[in-house]
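Below is one structure; the comments refer to it alone.
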There are 2 protein chains.
Amino acid sequence: MPRPKSSAKPSARDRIMQAASTLFYQEGTQNVGIDRIIAESGVAKMSLYNHFKSKDALIAAWLQQRDANWREWFQETVEKQATAPTERLLAMFDALEEWFSQPDFRGCAFINSSVELVDPEHPGYQVAIEHQQAIYDYILQLVKAAEIDDPDAVAEQLLLLLEGAIVVAMMRRNPAAAVQAKAAAEMLIRAA
Amino acid sequence: MPRPKSSAKPSARDRIMQAASTLFYQEGTQNVGIDRIIAESGVAKMSLYNHFKSKDALIAAWLQQRDANWREWFQETVEKQATAPTERLLAMFDALEEWFSQPDFRGCAFINSSVELVDPEHPGYQVAIEHQQAIYDYILQLVKAAEIDDPDAVAEQLLLLLEGAIVVAMMRRNPAAAVQAKAAAEMLIRAA
DNA sequence: ACAAATCTATACAGACTTGTCTATATAGTA
DNA sequence: TACTATATAGACAAGTCTGTATAGATTTGT
(Lines give C-alpha, C1' and ligand atoms only; values in the text may rest on other atoms or scores of the structure.)
Protein backbone atom coordinates (compact mmCIF):
# COMPACT_ATOMS: atom_id res chain seq x y z
CA MET A 1 0.00 0.00 0.00
CA PRO A 2 1.68 3.21 -1.17
CA ARG A 3 1.68 6.19 1.11
CA PRO A 4 -0.70 8.93 0.06
CA LYS A 5 1.01 11.55 -2.01
CA SER A 6 0.11 14.34 0.38
CA SER A 7 2.35 13.03 3.13
CA ALA A 8 4.98 11.60 0.80
CA LYS A 9 8.42 13.14 0.88
CA PRO A 10 8.76 15.57 -2.01
CA SER A 11 10.86 14.32 -4.87
CA ALA A 12 14.52 15.21 -5.04
CA ARG A 13 13.83 17.56 -7.92
CA ASP A 14 11.18 19.40 -5.95
CA ARG A 15 13.41 19.74 -2.92
CA ILE A 16 16.20 21.11 -5.09
CA MET A 17 13.89 23.64 -6.69
CA GLN A 18 12.53 24.64 -3.30
CA ALA A 19 15.96 25.25 -1.83
CA ALA A 20 17.29 26.96 -4.94
CA SER A 21 14.23 29.17 -5.02
CA THR A 22 14.70 30.70 -1.60
CA LEU A 23 18.49 30.81 -1.72
CA PHE A 24 18.74 32.30 -5.21
CA TYR A 25 16.08 34.90 -4.49
CA GLN A 26 17.37 35.81 -1.07
CA GLU A 27 21.10 35.97 -1.79
CA GLY A 28 21.44 36.04 -5.56
CA THR A 29 22.43 33.34 -8.01
CA GLN A 30 26.11 34.26 -7.96
CA ASN A 31 26.38 34.36 -4.19
CA VAL A 32 24.90 30.89 -3.69
CA GLY A 33 26.92 27.80 -4.52
CA ILE A 34 25.78 24.34 -5.48
CA ASP A 35 26.94 23.05 -2.12
CA ARG A 36 24.58 25.37 -0.25
CA ILE A 37 21.67 24.13 -2.33
CA ILE A 38 22.35 20.44 -1.81
CA ALA A 39 22.92 21.00 1.90
CA GLU A 40 19.65 22.91 2.27
CA SER A 41 17.65 20.44 0.22
CA GLY A 42 19.24 17.36 1.76
CA VAL A 43 19.97 15.89 -1.64
CA ALA A 44 23.08 14.29 -3.06
CA LYS A 45 25.12 16.32 -5.49
CA MET A 46 24.69 13.73 -8.20
CA SER A 47 20.92 13.99 -7.87
CA LEU A 48 21.18 17.67 -8.67
CA TYR A 49 23.31 17.00 -11.72
CA ASN A 50 20.99 14.24 -12.84
CA HIS A 51 18.04 16.62 -12.85
CA PHE A 52 19.86 19.72 -14.13
CA LYS A 53 22.77 19.60 -16.47
CA SER A 54 24.52 22.60 -14.88
CA LYS A 55 24.07 25.38 -12.36
CA ASP A 56 23.09 27.72 -15.19
CA ALA A 57 20.36 25.28 -16.22
CA LEU A 58 19.11 25.23 -12.63
CA ILE A 59 19.05 29.02 -12.60
CA ALA A 60 17.04 29.06 -15.81
CA ALA A 61 14.60 26.46 -14.48
CA TRP A 62 14.16 28.44 -11.27
CA LEU A 63 13.44 31.66 -13.19
CA GLN A 64 10.96 29.89 -15.43
CA GLN A 65 9.08 28.48 -12.47
CA ARG A 66 9.16 31.80 -10.65
CA ASP A 67 7.91 33.62 -13.72
CA ALA A 68 4.88 31.35 -13.90
CA ASN A 69 4.19 31.50 -10.16
CA TRP A 70 4.63 35.24 -9.83
CA ARG A 71 2.46 36.16 -12.77
CA GLU A 72 -0.26 33.80 -11.65
CA TRP A 73 -0.20 35.35 -8.18
CA PHE A 74 -0.12 38.87 -9.57
CA GLN A 75 -3.00 38.46 -11.98
CA GLU A 76 -5.15 36.60 -9.47
CA THR A 77 -4.53 39.23 -6.83
CA VAL A 78 -5.40 42.01 -9.24
CA GLU A 79 -8.47 40.33 -10.66
CA LYS A 80 -10.04 39.27 -7.41
CA GLN A 81 -9.81 42.83 -6.11
CA ALA A 82 -11.49 44.60 -9.03
CA THR A 83 -13.41 43.85 -12.20
CA ALA A 84 -13.43 47.11 -14.16
CA PRO A 85 -10.24 47.44 -16.24
CA THR A 86 -9.41 50.87 -14.86
CA GLU A 87 -9.78 49.62 -11.31
CA ARG A 88 -7.65 46.63 -12.13
CA LEU A 89 -4.87 48.85 -13.40
CA LEU A 90 -4.84 50.58 -10.02
CA ALA A 91 -5.19 47.29 -8.16
CA MET A 92 -1.84 46.30 -9.64
CA PHE A 93 -0.19 48.73 -7.28
CA ASP A 94 -2.07 47.40 -4.28
CA ALA A 95 -0.76 43.97 -5.19
CA LEU A 96 2.73 45.44 -5.38
CA GLU A 97 2.39 46.93 -1.91
CA GLU A 98 1.30 43.57 -0.56
CA TRP A 99 4.34 41.99 -2.19
CA PHE A 100 6.75 44.65 -0.95
CA SER A 101 5.48 44.14 2.59
CA GLN A 102 6.51 40.52 2.77
CA PRO A 103 9.47 40.23 5.13
CA ASP A 104 11.53 38.25 2.64
CA PHE A 105 10.94 40.71 -0.23
CA ARG A 106 14.20 41.35 -2.01
CA GLY A 107 13.16 42.97 -5.26
CA CYS A 108 12.34 41.46 -8.62
CA ALA A 109 14.15 38.19 -9.26
CA PHE A 110 14.26 39.05 -12.96
CA ILE A 111 15.76 42.48 -12.58
CA ASN A 112 18.22 41.01 -10.11
CA SER A 113 19.12 38.16 -12.42
CA SER A 114 19.60 40.43 -15.40
CA VAL A 115 22.11 42.29 -13.26
CA GLU A 116 23.90 39.18 -12.06
CA LEU A 117 23.85 37.23 -15.31
CA VAL A 118 25.69 39.79 -17.36
CA ASP A 119 25.69 37.72 -20.50
CA PRO A 120 22.53 38.26 -22.59
CA GLU A 121 23.08 34.79 -24.00
CA HIS A 122 22.57 33.21 -20.60
CA PRO A 123 19.34 31.19 -20.73
CA GLY A 124 18.19 32.86 -17.53
CA TYR A 125 18.63 36.31 -19.04
CA GLN A 126 16.18 35.48 -21.80
CA VAL A 127 13.60 34.41 -19.22
CA ALA A 128 14.05 37.72 -17.42
CA ILE A 129 13.41 39.71 -20.59
CA GLU A 130 10.36 37.66 -21.42
CA HIS A 131 9.03 38.14 -17.91
CA GLN A 132 9.15 41.89 -18.27
CA GLN A 133 7.55 41.65 -21.69
CA ALA A 134 4.78 39.48 -20.27
CA ILE A 135 4.02 42.07 -17.60
CA TYR A 136 3.91 44.75 -20.27
CA ASP A 137 1.53 42.64 -22.32
CA TYR A 138 -0.75 42.18 -19.32
CA ILE A 139 -0.80 45.91 -18.60
CA LEU A 140 -1.44 46.64 -22.26
CA GLN A 141 -4.37 44.28 -22.28
CA LEU A 142 -5.93 46.07 -19.31
CA VAL A 143 -5.26 49.50 -20.80
CA LYS A 144 -6.94 48.49 -24.03
CA ALA A 145 -9.89 47.06 -22.13
CA ALA A 146 -10.19 50.39 -20.34
CA GLU A 147 -10.43 52.06 -23.75
CA ILE A 148 -7.66 54.48 -23.03
CA ASP A 149 -6.18 56.51 -25.87
CA ASP A 150 -2.68 55.64 -27.06
CA PRO A 151 -2.66 52.38 -25.16
CA ASP A 152 0.94 51.46 -25.97
CA ALA A 153 2.28 54.68 -24.50
CA VAL A 154 0.17 54.47 -21.36
CA ALA A 155 1.00 50.81 -20.81
CA GLU A 156 4.69 51.61 -21.10
CA GLN A 157 4.37 54.45 -18.62
CA LEU A 158 2.60 52.23 -16.12
CA LEU A 159 5.32 49.63 -16.59
CA LEU A 160 7.92 52.26 -15.72
CA LEU A 161 6.07 53.13 -12.52
CA LEU A 162 5.79 49.45 -11.62
CA GLU A 163 9.47 48.70 -12.20
CA GLY A 164 10.54 51.91 -10.51
CA ALA A 165 8.46 51.09 -7.46
CA ILE A 166 10.06 47.64 -7.21
CA VAL A 167 13.57 49.05 -7.32
CA VAL A 168 12.92 51.85 -4.85
CA ALA A 169 11.05 49.60 -2.44
CA MET A 170 13.88 47.10 -2.56
CA MET A 171 16.68 49.58 -1.95
CA ARG A 172 14.89 51.43 0.83
CA ARG A 173 13.40 48.24 2.24
CA ASN A 174 10.17 50.15 2.49
CA PRO A 175 6.93 49.29 0.68
CA ALA A 176 5.68 52.89 0.52
CA ALA A 177 6.84 53.37 -3.06
CA ALA A 178 3.78 51.42 -4.18
CA VAL A 179 1.50 54.13 -2.79
CA GLN A 180 3.11 56.91 -4.79
CA ALA A 181 3.26 54.71 -7.87
CA LYS A 182 -0.47 54.19 -7.54
CA ALA A 183 -1.10 57.91 -7.15
CA ALA A 184 0.94 58.63 -10.28
CA ALA A 185 -0.85 55.87 -12.17
CA GLU A 186 -4.19 57.36 -11.23
CA MET A 187 -3.13 60.72 -12.63
CA LEU A 188 -1.92 59.20 -15.88
CA ILE A 189 -5.06 57.14 -16.36
CA ARG A 190 -7.37 60.06 -15.66
CA ALA A 191 -5.47 62.36 -17.95
CA ALA A 192 -5.71 59.84 -20.77
CA MET B 1 63.12 68.67 -14.70
CA PRO B 2 59.94 66.76 -13.96
CA ARG B 3 57.79 65.69 -16.82
CA PRO B 4 54.67 67.80 -17.22
CA LYS B 5 51.74 66.20 -15.47
CA SER B 6 49.70 66.00 -18.64
CA SER B 7 51.99 63.41 -20.17
CA ALA B 8 52.91 61.76 -16.89
CA LYS B 9 51.80 58.21 -16.32
CA PRO B 10 48.81 58.17 -14.01
CA SER B 11 49.50 57.00 -10.50
CA ALA B 12 48.95 53.38 -9.59
CA ARG B 13 45.90 54.32 -7.59
CA ASP B 14 44.37 56.13 -10.54
CA ARG B 15 45.04 53.25 -12.88
CA ILE B 16 43.44 50.85 -10.41
CA MET B 17 40.37 53.05 -10.09
CA GLN B 18 40.15 53.41 -13.84
CA ALA B 19 40.28 49.67 -14.46
CA ALA B 20 37.97 48.85 -11.58
CA SER B 21 35.52 51.45 -12.80
CA THR B 22 34.98 49.98 -16.23
CA LEU B 23 35.20 46.34 -15.16
CA PHE B 24 32.90 46.66 -12.15
CA TYR B 25 30.33 48.63 -14.11
CA GLN B 26 30.48 46.45 -17.19
CA GLU B 27 30.50 43.02 -15.58
CA GLY B 28 29.49 43.55 -11.96
CA THR B 29 31.54 43.59 -8.79
CA GLN B 30 31.03 39.89 -8.08
CA ASN B 31 31.95 38.77 -11.57
CA VAL B 32 35.26 40.62 -11.66
CA GLY B 33 38.23 39.37 -9.66
CA ILE B 34 41.19 41.25 -8.29
CA ASP B 35 43.41 39.56 -10.85
CA ARG B 36 41.42 41.03 -13.75
CA ILE B 37 41.78 44.49 -12.26
CA ILE B 38 45.52 44.30 -11.76
CA ALA B 39 46.01 42.83 -15.23
CA GLU B 40 43.94 45.58 -16.85
CA SER B 41 45.60 48.37 -14.88
CA GLY B 42 49.12 46.96 -15.24
CA VAL B 43 49.71 47.26 -11.53
CA ALA B 44 51.16 44.83 -9.02
CA LYS B 45 48.80 43.12 -6.66
CA MET B 46 50.58 44.57 -3.67
CA SER B 47 50.03 48.06 -5.01
CA LEU B 48 46.33 47.44 -5.00
CA TYR B 49 46.40 46.19 -1.43
CA ASN B 50 48.56 49.12 -0.40
CA HIS B 51 45.95 51.58 -1.65
CA PHE B 52 42.82 49.64 -0.67
CA LYS B 53 42.63 47.40 2.31
CA SER B 54 40.32 44.90 0.62
CA LYS B 55 38.23 44.31 -2.48
CA ASP B 56 35.18 45.50 -0.61
CA ALA B 57 36.96 48.75 0.18
CA LEU B 58 37.81 49.15 -3.49
CA ILE B 59 34.18 48.58 -4.40
CA ALA B 60 33.10 51.23 -1.91
CA ALA B 61 35.71 53.70 -3.23
CA TRP B 62 34.57 53.07 -6.79
CA LEU B 63 30.94 53.67 -5.91
CA GLN B 64 31.79 56.85 -4.07
CA GLN B 65 33.72 58.21 -7.01
CA ARG B 66 31.03 57.19 -9.45
CA ASP B 67 28.34 58.79 -7.32
CA ALA B 68 30.19 62.10 -7.41
CA ASN B 69 30.95 61.89 -11.13
CA TRP B 70 27.51 60.78 -12.18
CA ARG B 71 25.62 63.38 -10.19
CA GLU B 72 27.90 66.12 -11.42
CA TRP B 73 27.34 65.02 -15.02
CA PHE B 74 23.59 64.71 -14.51
CA GLN B 75 23.07 68.09 -12.92
CA GLU B 76 25.30 69.87 -15.40
CA THR B 77 23.52 68.25 -18.32
CA VAL B 78 20.14 69.18 -16.92
CA GLU B 79 21.08 72.72 -16.01
CA LYS B 80 22.79 73.65 -19.23
CA GLN B 81 19.73 72.56 -21.19
CA ALA B 82 17.11 74.56 -19.31
CA THR B 83 16.79 77.25 -16.68
CA ALA B 84 13.17 77.19 -15.57
CA PRO B 85 12.63 74.55 -12.86
CA THR B 86 9.78 72.89 -14.72
CA GLU B 87 11.86 72.63 -17.86
CA ARG B 88 14.72 71.24 -15.85
CA LEU B 89 12.53 68.51 -14.44
CA LEU B 90 11.77 67.45 -17.98
CA ALA B 91 15.37 67.89 -19.08
CA MET B 92 16.27 65.16 -16.59
CA PHE B 93 14.72 62.64 -18.91
CA ASP B 94 16.59 63.97 -21.92
CA ALA B 95 19.77 63.47 -19.94
CA LEU B 96 18.66 59.94 -19.19
CA GLU B 97 18.10 59.24 -22.85
CA GLU B 98 21.57 60.50 -23.65
CA TRP B 99 22.97 58.23 -20.96
CA PHE B 100 20.96 55.20 -22.10
CA SER B 101 22.26 55.69 -25.63
CA GLN B 102 25.88 55.25 -24.70
CA PRO B 103 27.08 51.92 -26.08
CA ASP B 104 28.53 50.84 -22.74
CA PHE B 105 25.36 51.64 -20.78
CA ARG B 106 24.60 48.82 -18.40
CA GLY B 107 22.10 50.30 -16.00
CA CYS B 108 22.60 52.09 -12.72
CA ALA B 109 25.74 51.03 -10.89
CA PHE B 110 23.98 51.64 -7.60
CA ILE B 111 20.92 49.56 -8.33
CA ASN B 112 23.22 46.87 -9.67
CA SER B 113 25.44 46.99 -6.61
CA SER B 114 22.54 46.85 -4.21
CA VAL B 115 21.55 43.64 -5.98
CA GLU B 116 25.03 42.15 -5.93
CA LEU B 117 26.06 43.26 -2.45
CA VAL B 118 23.25 41.53 -0.63
CA ASP B 119 24.43 42.58 2.80
CA PRO B 120 23.04 46.02 3.78
CA GLU B 121 26.06 46.39 6.04
CA HIS B 122 28.42 46.35 3.09
CA PRO B 123 30.01 49.81 2.82
CA GLY B 124 29.11 49.91 -0.87
CA TYR B 125 25.46 49.27 -0.11
CA GLN B 126 25.28 52.40 2.00
CA VAL B 127 26.73 54.46 -0.84
CA ALA B 128 24.07 53.08 -3.16
CA ILE B 129 21.25 54.08 -0.80
CA GLU B 130 22.70 57.54 -0.35
CA HIS B 131 23.02 57.95 -4.12
CA GLN B 132 19.33 57.31 -4.59
CA GLN B 133 18.51 59.66 -1.75
CA ALA B 134 20.70 62.35 -3.32
CA ILE B 135 18.82 62.04 -6.61
CA TYR B 136 15.55 62.32 -4.75
CA ASP B 137 16.81 65.43 -2.97
CA TYR B 138 17.79 67.00 -6.27
CA ILE B 139 14.40 66.29 -7.81
CA LEU B 140 12.67 67.62 -4.72
CA GLN B 141 14.66 70.82 -4.94
CA LEU B 142 13.55 71.34 -8.54
CA VAL B 143 9.94 70.47 -7.73
CA LYS B 144 9.89 73.01 -4.93
CA ALA B 145 11.47 75.64 -7.16
CA ALA B 146 8.72 74.96 -9.69
CA GLU B 147 6.20 75.71 -6.92
CA ILE B 148 4.33 72.48 -7.42
CA ASP B 149 1.79 71.39 -4.82
CA ASP B 150 2.66 68.45 -2.59
CA PRO B 151 6.30 68.52 -3.64
CA ASP B 152 7.32 65.39 -1.71
CA ALA B 153 4.75 63.25 -3.48
CA VAL B 154 5.55 64.59 -6.93
CA ALA B 155 9.29 64.25 -6.40
CA GLU B 156 8.82 60.66 -5.33
CA GLN B 157 6.70 59.94 -8.39
CA LEU B 158 9.32 61.42 -10.69
CA LEU B 159 11.97 59.34 -8.94
CA LEU B 160 9.93 56.22 -9.66
CA LEU B 161 9.76 57.12 -13.35
CA LEU B 162 13.47 57.77 -13.44
CA GLU B 163 14.43 54.50 -11.76
CA GLY B 164 11.90 52.56 -13.79
CA ALA B 165 13.28 53.99 -17.02
CA ILE B 166 16.81 52.96 -16.04
CA VAL B 167 15.76 49.39 -15.35
CA VAL B 168 13.67 48.99 -18.47
CA ALA B 169 16.27 50.61 -20.70
CA MET B 170 18.92 48.31 -19.28
CA MET B 171 16.98 45.10 -19.67
CA ARG B 172 15.77 45.87 -23.17
CA ARG B 173 19.03 47.50 -24.16
CA ASN B 174 16.94 50.23 -25.68
CA PRO B 175 16.97 53.90 -24.64
CA ALA B 176 13.34 54.55 -25.65
CA ALA B 177 12.06 54.15 -22.09
CA ALA B 178 13.33 57.67 -21.40
CA VAL B 179 10.88 59.12 -23.91
CA GLN B 180 7.84 57.57 -22.24
CA ALA B 181 9.17 58.49 -18.82
CA LYS B 182 9.38 62.08 -19.98
CA ALA B 183 5.84 61.98 -21.36
CA ALA B 184 4.55 60.63 -18.07
CA ALA B 185 6.51 63.23 -16.12
CA GLU B 186 5.00 65.99 -18.23
CA MET B 187 1.52 64.74 -17.41
CA LEU B 188 2.24 64.57 -13.70
CA ILE B 189 3.77 68.03 -13.60
CA ARG B 190 0.94 69.61 -15.54
CA ALA B 191 -1.68 67.93 -13.41
CA ALA B 192 -0.03 69.23 -10.24
C1' DA C 1 73.70 61.89 -4.28
C1' DC C 2 71.35 59.61 -0.69
C1' DA C 3 67.43 57.91 1.80
C1' DA C 4 62.60 56.92 2.07
C1' DA C 5 58.67 55.80 -0.03
C1' DT C 6 56.47 53.53 -3.58
C1' DC C 7 55.97 50.10 -7.18
C1' DT C 8 56.81 45.52 -9.44
C1' DA C 9 56.97 40.58 -9.94
C1' DT C 10 56.03 36.34 -8.34
C1' DA C 11 55.15 32.72 -5.33
C1' DC C 12 52.03 30.98 -2.10
C1' DA C 13 48.33 29.84 1.45
C1' DG C 14 43.82 28.57 2.22
C1' DA C 15 39.38 28.60 1.06
C1' DC C 16 35.89 28.11 -2.26
C1' DT C 17 33.90 26.92 -7.01
C1' DT C 18 31.59 23.66 -10.44
C1' DG C 19 31.34 19.34 -12.07
C1' DT C 20 32.81 14.13 -12.30
C1' DC C 21 33.55 9.60 -10.58
C1' DT C 22 32.63 5.51 -7.88
C1' DA C 23 30.21 2.61 -5.07
C1' DT C 24 26.32 1.65 -2.28
C1' DA C 25 21.48 1.80 -1.01
C1' DT C 26 16.59 2.08 -1.77
C1' DA C 27 12.60 2.17 -4.23
C1' DG C 28 8.96 0.49 -7.66
C1' DT C 29 7.86 -3.01 -11.39
C1' DA C 30 7.70 -7.23 -14.21
C1' DT D 1 12.30 -12.63 -6.70
C1' DA D 2 15.03 -10.19 -9.91
C1' DC D 3 15.53 -6.04 -12.65
C1' DT D 4 15.74 -1.16 -13.30
C1' DA D 5 15.72 3.48 -12.21
C1' DT D 6 16.73 6.71 -8.94
C1' DA D 7 18.96 8.46 -4.62
C1' DT D 8 22.92 8.80 -1.50
C1' DA D 9 27.55 9.71 0.33
C1' DG D 10 31.80 11.28 -0.27
C1' DA D 11 36.15 11.67 -2.50
C1' DC D 12 38.26 14.11 -6.06
C1' DA D 13 39.95 17.09 -10.13
C1' DA D 14 40.95 21.42 -11.83
C1' DG D 15 40.25 25.76 -11.53
C1' DT D 16 38.93 30.13 -9.18
C1' DC D 17 39.01 33.47 -5.49
C1' DT D 18 41.09 36.92 -1.91
C1' DG D 19 44.77 38.22 0.59
C1' DT D 20 49.87 37.77 2.27
C1' DA D 21 54.79 37.32 2.03
C1' DT D 22 59.22 38.32 0.03
C1' DA D 23 62.62 40.57 -2.44
C1' DG D 24 64.26 43.56 -5.90
C1' DA D 25 63.52 47.78 -8.87
C1' DT D 26 62.18 52.49 -9.51
C1' DT D 27 60.68 57.14 -8.11
C1' DT D 28 60.71 60.90 -5.29
C1' DG D 29 62.07 64.46 -2.00
C1' DT D 30 65.78 66.58 0.33
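A, B, ... follow the sequence lines: proteins, then strands. Residue 1 opens every chain.
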Phosphate contact (dT18(C) OP1 or OP2) by R36(A) side-chain N/O below 4.0 Å: no

Whole-Å gap separating C1' (dT18(D)) and CD1 (I59(B)): 11 Å

W62(A) and F24(A) aromatic ring geometry - parallel, tilted or perpendicular at 30°/60° bounds: tilted

Sugar-phosphate, base or nothing in reach of D35(A), heavy atoms under 4.0 Å: base

Length of the line joining E27(B):CD and dC17(D):P, which is rounded to integer Å: 11 Å

Heavy-atom donor-acceptor pair, N31(A) side chain to E116(B) backbone, under 3.5 Å: yes

Residue met sooner reading DNA chain C from 5', once M46(A) and N31(A) are mapped to nucleotides: N31(A)

Short side-chain N/O contact to dT6(D) OP1/OP2 from H51(A), under 4.0 Å: no

Residue S54(B), side-chain heavy atoms: nucleotide from dT8(D), dC7(C), dG19(D) that is nearest: dG19(D)

Side-chain (R88(A)) to main-chain (V78(A)) donor-acceptor, under 3.5 angstrom: no

Sidechain N-carboxylate O distance under 4.0 Å for E186(A), R190(A): yes

Distance, rounded to the nearest Å, where L48(A) contributes CG and dA9(D) contributes P: 14 Å

Whole-Å gap separating P (dT18(D)) and CZ (F52(B)): 15 Å

Separation of atom CD1 in I16(A) from atom C1' in dT6(D), rounded to whole Å: 12 Å

Atom-pair distance (CG on D56(B); C1' on dC17(D)), nearest Å: 13 Å

Y49(B) side chain, from C-beta outward: closest of dT8(C), dG19(D), dT18(C): dG19(D)

Atom pair distance, as rounded to whole Å: CD1 in I34(B) and P in dA13(C): 20 Å

Between C1' of dC12(D) and NZ of K45(A), the distance in whole Å: 10 Å

Side chain to side chain contact (heavy atoms under 4.5 Å, CB included) between H131(B) and R71(B), intermediate numbers included: CA-CA 9 Å; H131(B) 173 81; R71(B) 277 169 40 217; 4.1 Å; yes

